[in-house]
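See below for the structure under consideration.
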2 protein chains.
Amino acid sequence: MENILFDFISKYISLTEDEKNAILGLDLFHSVKKGTVLLKEGQKSQVSYFVLKGCIRVYYIIDGEEKTTAFYTELDALTPHCVNKAPSEYFISCVEDCILLISNADMEIEINSKFPKFEKMCRILSEELLAKQQIDFDEFKTSSPEQRYLNLLQKRPDLIQRVPQHQLASYLGIKPQSLSRLRARILEKSKE
Amino acid sequence: MENILFDFISKYISLTEDEKNAILGLDLFHSVKKGTVLLKEGQKSQVSYFVLKGCIRVYYIIDGEEKTTAFYTELDALTPHCVNKAPSEYFISCVEDCILLISNADMEIEINSKFPKFEKMCRILSEELLAKQQIDFDEFKTSSPEQRYLNLLQKRPDLIQRVPQHQLASYLGIKPQSLSRLRARILEKSKE
DNA sequence: TAAAATCGTTCACTTAAGTTAAGTAATGAG
DNA sequence: CTCATTACTTAACTTAAGTGAACGATTTTA
């Protein structure tokens, strides 16, 4: 598991043994059971998550209804609302049994001040994520639910297997019934 | 104009006179006429924009149709696809006469190495933007076109005044005709 | 193991957005 | 200033998503 982390970091900066040990000394690794709620609406979160294995999900409850807005899988990082320290508007829970890195703001400040190159990695990571998310947002805006589904089928085929349909549906911005119908429609088209 | 910039920066880090002069020495300030296309599909962009005055717009052309995905107004920053150096998939143009800061990667590297605190500001800015955009994306996903319009009316009422309807419509993910209808519907409701 | 709850699909019906077309108002170029 | 273009609205029709309900098939849990 440690190697997965260091392989990931090595894409951005190179670490000395000392630096690696400093990270390992932080007690970041956690196993979390499927269904565990990591963050509830109204709670204040000071922690960041990095998925080594498994899948976590972000969702809102609006008018008693779950609205899933994101899935994070292997090597995805999730830092809830760094801006304001306002209470969370959403929930985070585990779709599967997970192995996560969980870090808090204090750890990050400590690491950043000890090893300035982390600051750089964080900036690059943020900028990368920002650009990726920008593209995702643009794709969402410029396509229909059906196109979004086909797009997801291409880009994250694993998600469609590992995540319940009704969560996928709200991730695509539609109701479960509409997803069923839309899939039937696609199947019908492909027969012709 | 310089003061608008330094007031903005001062929210994140404090600058000495030397540092301010280093920035002013970079020749960042540019006046750009309404309608100017700053970036075309297929071009490679190495520059970032920061809006001091005016409004710039990001749009795709898909099947011959403009799809607007973002508007940037006063104090908004736009850094196109820092990740890959692939050619742009979208256009950027000026909705109004603008005063922009335009910086390129070389300038940023130079400034970042001379004054490490810029690295920090960039990280904080990226993280802030990421969180803001996350929230925007979530709101978009979890609401209907009508709710999106009402939401925009609350959050960026100026946009509805300064931007053409058909650009607004595609920003909301719908056709101009649907926006007209939707507005008529809202007006009808408010009469009752 | 049996009962209850949840999940995915299907159906009929409603609502809203897409499409095509037309008309009017505003804008811009010559 | 005029003509041509573009922008916005309205309308009729089509298409697809929302809604409410029903149905097995799972999964949970008591």
Side-chain angles (χ1 to χ4, degrees), chain A residues 33-37 55 57 59 61-68 71 93-97 140-153 159-192, chain B residues 33-37 55 57 59 61-68 71 93-97 140-153 159-192:
Chain A
K33 281 263 166 249
K34 173 176 174 174
T36 307
V37 177
C55 177
R57 174 174 74 104
Y59 58 101
I61 295 185
I62 298 173
D63 299 330
E65 211 177 348
E66 276 191 16
K67 304 258 192 179
T68 297
F71 295 103
S93 80
C94 297
V95 174
E96 308 168 344
D97 290 349
F140 192 94
K141 269 191 185 166
T142 58
S143 56
S144 65
E146 185 171 327
Q147 289 171 314
R148 276 175 223 149
Y149 176 76
L150 292 170
N151 194 26
L152 195 67
L153 211 54
L159 264 194
I160 292 165
Q161 301 308 317
R162 66 206 284 195
V163 159
Q165 296 290 316
H166 66 281
Q167 290 175 11
L168 262 189
S170 86
Y171 180 64
L172 294 170
I174 56 177
K175 302 284 160 185
Q177 296 94 318
S178 297
L179 178 55
S180 273
R181 180 167 40 195
L182 177 160
R183 293 172 59 144
R185 199 165 59 220
I186 290 171
L187 208 67
E188 207 50 44
K189 280 183 196 166
S190 69
K191 271 189 204 162
E192 285 164 15
Chain B
K33 282 265 166 246
K34 173 176 175 174
T36 306
V37 177
C55 177
R57 173 174 76 103
Y59 59 101
I61 295 185
I62 298 173
D63 299 331
E65 214 178 345
E66 275 191 15
K67 304 261 191 176
T68 297
F71 295 103
S93 81
C94 298
V95 175
E96 308 169 344
D97 289 349
F140 193 94
K141 270 192 186 164
T142 58
S143 56
S144 65
E146 185 170 326
Q147 288 171 316
R148 277 175 223 150
Y149 177 77
L150 292 170
N151 194 26
L152 195 67
L153 211 55
L159 265 194
I160 291 165
Q161 302 307 318
R162 66 205 284 195
V163 160
Q165 296 290 316
H166 66 280
Q167 291 175 10
L168 262 188
S170 85
Y171 180 64
L172 294 170
I174 56 176
K175 303 284 161 185
Q177 296 93 320
S178 297
L179 179 55
S180 273
R181 180 165 42 194
L182 177 159
R183 293 171 58 144
R185 199 164 60 220
I186 290 170
L187 208 68
E188 206 49 44
K189 279 182 194 165
S190 70
K191 271 189 202 161
E192 283 164 17

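In what follows, chains are A, B, ... by sequence order, proteins preceding strands, each numbered from 1.
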Rounded to whole Å, how long is the line connecting atom [atom1] of [X] with atom [atom2] of [N]?
| X | N | atom1 | atom2 | answer |
| --- | --- | --- | --- | --- |
| B:Q177 | D:dA11 | CD | P | 14 Å |
| B:L179 | C:dT19 | CG | P | 16 Å |
| A:Y149 | D:dA17 | OH | P | 13 Å |
| A:E146 | D:dG18 | CD | C1' | 17 Å |
| B:Q147 | C:dA17 | CD | C1' | 15 Å |
| A:L182 | C:dG8 | CG | C1' | 15 Å |
| A:R185 | C:dT9 | CZ | C1' | 15 Å |
| B:E188 | D:dA11 | CD | P | 11 Å |

Working to the nearest 0.5 Å, report the span between [atom1] of [X] and [atom2] of [Y].
| X | Y | atom1 | atom2 | result |
| --- | --- | --- | --- | --- |
| B:E146 | B:L179 | CD | CG | 11.0 Å |
| B:R181 | B:I174 | CZ | CD1 | 8.5 Å |
| A:L172 | A:S178 | CG | OG | 10.5 Å |

* Near DNA chain C, under 4.0 Å by heavy atom, which residues of residues 162-176 of chain B? -> B:G173, B:I174, B:K175
* Asked: Does A:R181 make a side-chain donor-acceptor contact with the base of D:dG18, cut-off 3.5 Å?
  -> yes
* Assess whether one donor atom and one acceptor atom, taken from the side chain of A:R183 and the base of C:dG8, lie less than 3.5 Å apart. => no
* Asked: Can you check whether B:S93 reaches B:Y59 side chain to side chain, under 4.5 Å on heavy atoms?
  -> yes
* State, with a plain yes or no, whether a side-chain heavy atom of A:K175 is found less than 4.5 Å away from one of A:H166. => no
* What nucleotide, of D:dT10, D:dA21, D:dG18, holds the atom closest to the side chain of A:S178? -> D:dG18
* Structure fact -> With the side chain defined as heavy atoms from C-beta on, A:S180 is closest, among D:dT9, C:dG8, C:dA17, to C:dG8
Which heavy atom of [X] sits nearest a heavy atom of [Y], and at what distance?
| X | Y | result |
| --- | --- | --- |
| B:Y171 | B:L159 | CE2-CD1, 4.4 Å |
| A:R148 | A:G173 | NH1-CA, 4.5 Å |
| B:Q167 | B:T68 | O-CB, 3.7 Å |

Expected rows: protein N/O vs nucleotides 24-26 of chain D N/O, under 3.5 Å:
none

* How far apart are the C-alpha atoms of B:R57 and B:E96, what are their side-chain angles, what is the distance that settles it, and do they pass the salt bridge (charged side-chain N to carboxylate O under 4.0 Å, His left out) test? -> CA-CA 10 Å; B:R57 173 174 76 103; B:E96 308 169 344; over 6 Å; no
